[in-house]
Amino acid sequence: MNGRWPRRLQFRSVPRSSKTVLARFAVCTTAVVAVAAFYNRIVHVNPTTVALTFLVIVLLVAAAWGLKYAVYTSLLATAAFNYFFLEPVRTFTIADPQNWVALSVFLLTGIIASHLSDKARRQTVAADTRRHEVEHLYSFSQQLLVTDNIFELLNAVPRLIVEEFDLTAAAVFLSGRSQVYYSDATAHGLIAADELKAVSGRGEPGSDTKRGILLMPLRIGVRSVGSIGIIGVLSWPTFEAIGSLVAIAVERAGAVEKLTRAEATRESERLRSALLDAVTHEFRTPLTSIKAAASTLSSSVELDESQRKDLLAVVEEEADRLNRLVGEAAEMAQLDAHQVQLEFEVRDVQEAIDSAMKELQSRLAERAVEVKVSPDLPRVRMDVQRISEVLRHLIENAAKYSPAGTPIHVTAERSGRQVRVSVADHGPGIDDLEQSLIFEKFYRGRGQRSVQGTGMGLPIARAIIEAHGGQIEVRSQLGHGSVFSFTLPVG
């Protein structure tokens with residue numbers, strides 16, 4: 001293994017068969033013979049014109065195929081120029097000393113022009129190669145930004161390098177994970193893990209010219225975080241740029257992963273605090289009522305029949321309330337985990353509204369609910385029971401947060417390829433800041449702590465509607481009430 005390789009551009013060599021080489025030499029010979037025959041037998045011109053024509057051919061050959069063919073053409077053209085166009089003709093003897101000068105100048109001009117043309121061609125090829133490599137580097141860098149998952153990134157990087165830069169194989173070693181990621185199964189036997197680890201540990205690049213392997217450490221500043229190996233021919237600056245991009249992408253994905261875990265931890269703590277708050281507030285009240293009723297019933301205090309029935313009714317009502325709170329918490333957890341199976345059917349929205357109103361009949365005995373459904377409303381694909389549950393949550397909230405005696409309005413109408421269902425109240429309204437928070441789990445509006453509830457109704461409603469492919473939103477104006485609406489795609 002060599003410590004370094006020359007810091008020069010290494011271009012991919014295109015293998016040429018002996019037939020191709022011979023064919024090109026034959027074309028050069030034919031071109032010189034054709035010019036000589038044309039000017040010798042068809043059009044008679046002065047030697048200067050012939051020399052310039054030969055020179056043009058030499059330049060064309062140099063530009064197309066390189067210096068080797070151009071020098072051959074120059075020598076052949078010099079011989080033809082001497083034999084056919086310098087006195088005495090049809091011999092290689094030169095009688096006039098000036099012709100020696102002319103012939104030498106022609107040969108020298110042809111070789112110099114060939115060299116310059118070949119140099120310009122190589123520079124053009126180098127510029128095109130660099131341009132293509134920069135384009136591939138840009139495309140490669142864009143693909144590195146597609147994922148923030150470090151595991152997916154490390155599995156994808158070797159394959160992306162092979163595809164983008166037309167290489168045989170690639171491998172990436174990350175010291176923090178002590179694992180090598182290969183471009184495909186065949187790369188396992190081509191690039192040894194020990195070589196990658198050694199380069200990562202030394203922090204210096206390496207190569208194996210016999211096997212065509214190039215190795216590069218992945219550095220973040222002066223710190224080596226791993227190494228990368230390829231099999232193929234690539235320029236040093238490009239390979240160095242690939243190593244830098246991969247190192248930055250790995251560091252970025254690791255930082256995002258850490259940030260995500262930190263955010264998840266903070267969110268978990270927030271939800272835990274909110275849950276404890278909800279349990280403390282909501283569960284304690286019914287438990288206190290049940291405890292008081294049970295203590296009274298079990299005491300020696302004499303109670304008439306109506307008092308006993310009232311206390312038993314309290315126990316039953318508060319037990320139902322506890323059961324509902326536990327059910328909502330379990331349902332929220334199932335919806336978050338996508339473990340709820342929805343039973344989709346093409347049904348009328350009116351059925352879900354009727355079901356919700358029937359279940360809320362006893363709770364809304366003293367509240368007017370105005371229902372207005374468009375007569376030409378199309379059917380939608382939905383789980384009737386779940387959509388009825390959404391409506392119950394929205395109508396119950398409207399009843400809780402609006403003054404007693406004010407009506408609640410339920411409407412359903414068509415909106416393009418969707419059906420929109422709305423529940424409006426005449427409550428105090430919700431300010432703009434809280435409108436973006438009320439669909440979060442366990443959130444309770446400011447100044448609304450005295451109202452019964454866990455803050456899970458709206459998050460449950462949102463999860464159900466999103467599972468149906470719809471959206472739920474709120475429009476509100478302080479002092480004028482709120483309108484909660486959700487959409488369902490037409491079946």
Side-chain angles (χ1 to χ4, degrees), residues 1-13 125-177 179-184 186-188 190-193 195-209 211-256:
M1 297 290 289
N2 299 325
R4 284 189 180 273
W5 55 91
R7 296 175 69 90
R8 61 180 178 82
L9 290 176
Q10 304 173 24
F11 300 105
R12 296 181 177 86
S13 58
V125 171
D128 286 341
T129 301
R130 284 194 294 269
R131 178 175 59 83
H132 287 304
E133 289 182 346
V134 169
E135 290 175 353
H136 287 303
L137 281 172
Y138 175 75
S139 175
F140 179 63
S141 66
Q142 292 296 105
Q143 294 182 71
L144 290 179
L145 298 175
V146 170
T147 178
D148 290 331
N149 185 305
I150 193 167
F151 180 76
E152 292 180 4
L153 179 67
L154 290 170
N155 278 282
V157 162
R159 175 180 53 80
L160 291 175
I161 294 173
V162 169
E163 292 175 355
E164 280 293 337
F165 300 95
D166 193 23
L167 302 175
T168 303
V172 173
F173 167 73
L174 201 62
S175 55
R177 293 175 177 260
Q179 186 174 353
V180 180
Y181 302 86
Y182 291 94
S183 55
D184 52 44
T186 60
H188 284 263
L190 300 176
I191 304 175
E195 294 175 320
L196 291 166
K197 293 176 181 178
V199 168
S200 175
R202 290 196 311 268
E204 293 291 333
S207 67
D208 188 335
T209 54
R211 293 186 293 160
I213 297 178
L214 302 179
L215 300 169
M216 164 80 67
L218 300 177
R219 291 195 189 95
I220 298 295
V222 296
R223 179 170 55 94
S224 177
V225 296
S227 60
I228 180 172
I230 63 169
I231 296 180
V233 182
L234 202 63
S235 69
W236 163 262
T238 300
F239 190 37
E240 197 172 38
I242 291 173
S244 298
L245 287 173
V246 173
I248 292 170
V250 168
E251 193 74 3
R252 171 183 169 274
V256 171

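For clarity, every value in this text was computed on a predicted model and none was experimentally measured.
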| task | Compare every heavy atom of Ala193 with every heavy atom of Val180, then report the nearest pair and how far apart it is. | result | CG2-CB, 3.7 Å

| request: Test side-chain contact (heavy atoms from CB on, under 4.5 Å) on Tyr181 and Val157 and set out the steps. | output: CA-CA 8 Å; Tyr181 302 86; Val157 162; over 6 Å; no

| query | Can you tell if the side chain of Pro217 reaches within under 4.5 Å of the side chain of Ser224, non-hydrogen atoms only? | reply | yes

| said: Please report the interatomic distance CZ(Arg219) to CD(Glu240), rounded to the nearest 0.5 Å. | reply: 8.0 Å

| said: In the structure I gave you, are the side-chain heavy atoms of Ile228 and Phe173 within less than 4.5 Å of one another anywhere? | reply: no

| Going from OG on Ser175 to CZ on Arg223, what distance comes out if it is rounded to the nearest 0.5 angstrom? | 8.0 Å

| field | Ile191 side chain reached by Ile231 side chain, heavy atoms, under 4.5 Å | value | yes

| query | Where the side chain of Tyr182 meets the backbone of Ala169, is there a donor-acceptor pair that is under 3.5 Å apart? | reply | no

| said: Checking Leu218 against Val172 for the side-chain contact (heavy atoms from CB on, under 4.5 Å) test, could you report, in this order, the C-alpha distance in whole Å, the side-chain angles of both residues, the deciding distance, and whether it holds? | reply: CA-CA 9 Å; Leu218 300 177; Val172 173; 4.2 Å; yes

| field | Atom pair CG (Leu215) and CZ (Arg202), whose distance is rounded to the nearest 0.5 Å | value | 8.5 Å

| task | Taking the side chain as every heavy atom from C-beta outward, state whether Ser227 and Leu196 have any pair of such atoms under 4.5 Å apart. | result | yes

| task | Decide side-chain contact (heavy atoms from CB on, under 4.5 Å) for Ile213 and Ile230; before the verdict, give the C-alpha distance in whole Å, the side-chain angles of both, and the deciding distance to 0.1 Å. | result | CA-CA 6 Å; Ile213 297 178; Ile230 63 169; over 6 Å; no

| field | Any donor-acceptor N/O pair, Ser183 side chain to Pro158 backbone, under 3.5 Å | value | no

| query | Can you tell me how far CG of Asp166 sits from CD1 of Ile161, rounded to the nearest 0.5 angstrom? | reply | 13.5 Å

| message | Once rounded to the nearest 0.5 Å, what's the spacing between atom CG of Leu245 and atom CG of Leu160? | response | 12.0 Å

| query | Are the charged groups of Glu195 and Arg211 less than 4.0 angstrom apart, N to O? | reply | yes

